[in-house]
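The block underneath contains the structure these notes are about, expressed in structure tokens.
In this text, all values refer to a predicted model and were calculated from it rather than measured experimentally.
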Amino acid sequence: MVKSVMVTYALWAVGGPFGLHHLYLGRDNHALLWMLTLGGFGVGWIREFLRIPTYVAEANQDPMVERRRCAMATSPPPVNPIRFAGQVCVGIQFGAVALIGLNSLNFFNLLVLPLCVGAGVHLVSTIGHQTSDLPKTLTACLVTSPLFNGSTLSPLPISLAASITATQHRRYKKAQRGNKQDLGIRLCRLTLAWLAFSAPLGYCVFNNTTATLYYLSDCMAALLEIFWFLPWLRNVVEYILLMPYRVMCLLTGGNYYEEAWKKMLEILLKDYSEQEKEALKMLSLGAEASFEEITRGYRELAKTWHPDQNPSKDAEATFVKIQNAYEVLLRRYKPRRFR
């Protein structure tokens with residue numbers, strides 16, 4: 001069936017960030033990428049406004065477009081900075097989702113994380129008429145991952161290594177005619193791929209909110225620590241990261257929203273781990289203690305058991321235990337620091 005430019009533009013306007021126009025044109029990989037990234041983080045969707053006529057011509061197998069494609073297929077595709085940047089960003093996104101939802105799996109850092117990052121990079125590399133060497137891309141991920149084992153920002157270097165490898169081994173896809181799959185089969189494949197991506201993240205968000213908040217907080221802290229040598233730049237980055245929160249404070253009257261944010265965090269962070277329960281016991285506090293009560297209790301005990309104030313033989317050991325207990329509980333409320 002001949003595809004219409006007007007219909008494609010209509011689908012782009014109505015459901016472009018979800019890839020409806022790509023689904024209509026038979027560009028399933030592109031549609032899946034848009035579903036997972038909301039239109040290439042919004043930027044790709046806007047950029048496509050001028051490219052839609054070309055997409056429609058390719059879908060209709062326009063003779064001029066096909067001749068140009070056959071002529072280009074004899075040599076490797078030129079390096080595309082936009083595609084490369086997309087590979088890096090989507091690789092990082094897939095890695096972040098894995099860190100949030102799958103980090104409890106065995107061999108996570110050595111196997112699961114690099115494979116997830118590689119899948120994201122390869123998805124971008126297969127958009128349109130181009131593709132790359134999947135085994136070599138995954139190999140680059142598996143080799144790079146142990147070098148940054150356990151780092152919060154490890155998806156970045158892994159994604160860079162995979163993107164460079166994918167770019168070096170890019171090629172044009174072979175032309176396929178008369179091999180159009182049924183729409184139901186295509187939708188089934190896309191749904192399964194979307195569920196494979198979103199299910200671990202959804203499970204973690206709804207059943208392990210504390211871990212999610214910890215990870216997001218740790219990512220922000222690690223990112224800000226990169227700029228330790230330039231305090232002014234660190235402040236600028238922190239301001240940009242917190243812009244959504246500041247906008248919400250402005251719209252809701254500031255002080256009211258700040259208090260609501262504190263209460264929400266206290267509700268979300270209600271489930272204590274065994275280590276945190278021991279820390280509360282060390283500080284002689286109950287499970288309902290607020291962050292302010294924890295801080296007050298720590299200061300009182302620290303003052304009582306400080307070796308300079310307490311001549312007891314056990315004072316130093318007890319003081320260290322009190323400090324460690326407070327640090328355990330402080331980490332729980334770390335997201336509050338970003339206000």
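By the criterion of side-chain heavy atoms lying less than 4.5 angstrom apart, applied directly or through intervening Ile, Leu, Val, Met, Phe, Trp or Tyr residues, Ile46 is grouped together with Val124 in one hydrophobic cluster. Taken together through direct or relayed side-chain contacts under 4.5 Å among Ile, Leu, Val, Met, Phe, Trp and Tyr, Val112 and Leu138 form parts of separate hydrophobic clusters. The hydrophobic cluster containing Val97 does not contain Leu110, counting ILVMFWY residues as joined when their side-chain heavy atoms lie under 4.5 angstrom apart, directly or transitively. The cluster map of Ile, Leu, Val, Met, Phe, Trp and Tyr, joined by side-chain heavy atoms under 4.5 Å apart, puts Leu36 and Phe41 in the same cluster. Note on Leu187 and Trp194: same hydrophobic cluster, where clusters join Ile, Leu, Val, Met, Phe, Trp and Tyr whose side-chain heavy atoms are under 4.5 Å apart, directly or indirectly.
Nearest heavy-atom pair, Leu153 versus Pro157, reported as atom, atom and distance to 0.1 Å: O-CD, 3.1 Å. In terms of heavy-atom proximity, Leu38 sits nearest to Phe18 at CD2-CE2, 3.6 Å. Nearest heavy atoms, Pro81 versus Val79: CD-O, 3.7 Å. Between Leu99 and Pro155, the closest heavy-atom pair is CD1-CG, 3.6 Å. Across Tyr24 and Val2, no two heavy atoms sit closer than the pair OH-O, 4.3 Å.
Shown here is Glu316, whose CD atom has no more than 12 heavy atoms of other residues, nucleotides or ligands within 6.0 Å. More than 12 heavy atoms of other residues, nucleotides or ligands lie within 6.0 Å of NZ in Lys3, so this atom counts as buried by the packing criterion. Around the CZ atom of Phe108, the shell of radius 6.0 Å holds more than 12 heavy atoms that belong to other residues, nucleotides or ligands.
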Would Val90 and Val121 count as a side chain to side chain contact (heavy atoms under 4.5 Å, CB included) if you check the C-alpha gap in whole Å, the side-chain angles of each, and the deciding distance to 0.1 Å? CA-CA 6 Å; Val90 176; Val121 171; over 6 Å; no
Quick one: do Trp34 and Trp45 satisfy side chain to side chain contact (heavy atoms under 4.5 Å, CB included)? Show the steps, please. CA-CA 8 Å; Trp34 260 216; Trp45 170 58; 4.2 Å; yes
Working note: His122 + Gln87, criterion side chain to side chain donor-acceptor pair (under 3.5 Å); need CA distance, chi angles, decisive distance, verdict. CA-CA 7 Å; His122 185 70; Gln87 289 174 171; over 6 Å; no
Kindly determine whether Arg27 and Leu33 satisfy side chain to side chain contact (heavy atoms under 4.5 Å, CB included), including the steps that lead there. CA-CA 10 Å; Arg27 300 167 62 90; Leu33 178 64; over 6 Å; no
Using side chain to side chain contact (heavy atoms under 4.5 Å, CB included), reason through Val56 and Ser4 one step at a time and then give a plain yes or no. CA-CA 7 Å; Val56 174; Ser4 166; over 6 Å; no
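With hydrogens and angles ignored, the 3.5 Å screen pairs no side-chain donor or acceptor of Thr144 with any backbone N or O of Cys141. Counting only distance, with no hydrogens or angles, the side chain of Lys136 and the backbone of Ala166 share no donor-acceptor pair below 3.5 Å. Side chain of Arg170 to backbone of Pro77: a donor-acceptor contact under 3.5 angstrom is found. Proximity of a side-chain donor or acceptor of Arg186 to a complementary backbone N or O of Leu23 within less than 3.5 Å is detected. Without hydrogens or angle criteria, Ser132 side chain to His169 main chain gives no donor-acceptor distance under 3.5 Å. At least one donor-acceptor pair under 3.5 Å links the side chain of Arg83 to the backbone N or O of Ile127.
The hydrophobic cluster containing Leu156, built from Ile/Leu/Val/Met/Phe/Trp/Tyr side-chain heavy atoms closer than 4.5 Å, also comprises Phe84, Val88, Ile92, Leu160, Ile164.
The distance from atom CD of Gln130 to atom CG of Asn80, rounded to the nearest 0.5 Å, is 7.0 Å. A distance of 4.5 Å separates CD1 of Ile322 from CE of Met282, quoted to the nearest 0.5 Å. For the atom pair CG (Asp28) and CE (Met35), the distance works out to 8.0 Å, reported to the nearest 0.5 Å. Once rounded to the nearest 0.5 Å, the distance linking OG1 of Thr304 with CZ of Arg299 reads 14.0 Å. Here the CG-OG distance, from Leu115 to Ser145, works out to 9.0 Å after rounding to the nearest 0.5 Å. Atoms CG and CG, on Leu329 and Leu283 in that order, are 6.0 Å from each other to the nearest 0.5 Å.
Aromatic ring orientation, Trp12 versus Phe49: tilted (interplanar angle from 30° to 60°). Between Phe94 and Phe197, the ring-plane angle classifies as tilted under the 30° and 60° cut-offs.
Considering only heavy atoms from C-beta on, Tyr326 comes within 4.5 Å of Thr295 through its side chain.
Aromatic rings from His22 and Tyr55 are positioned such that their centres are separated by under 6.0 Å. The six-membered or imidazole ring of His306 lies near that of Phe319, with a centre-to-centre distance under 6.0 Å.
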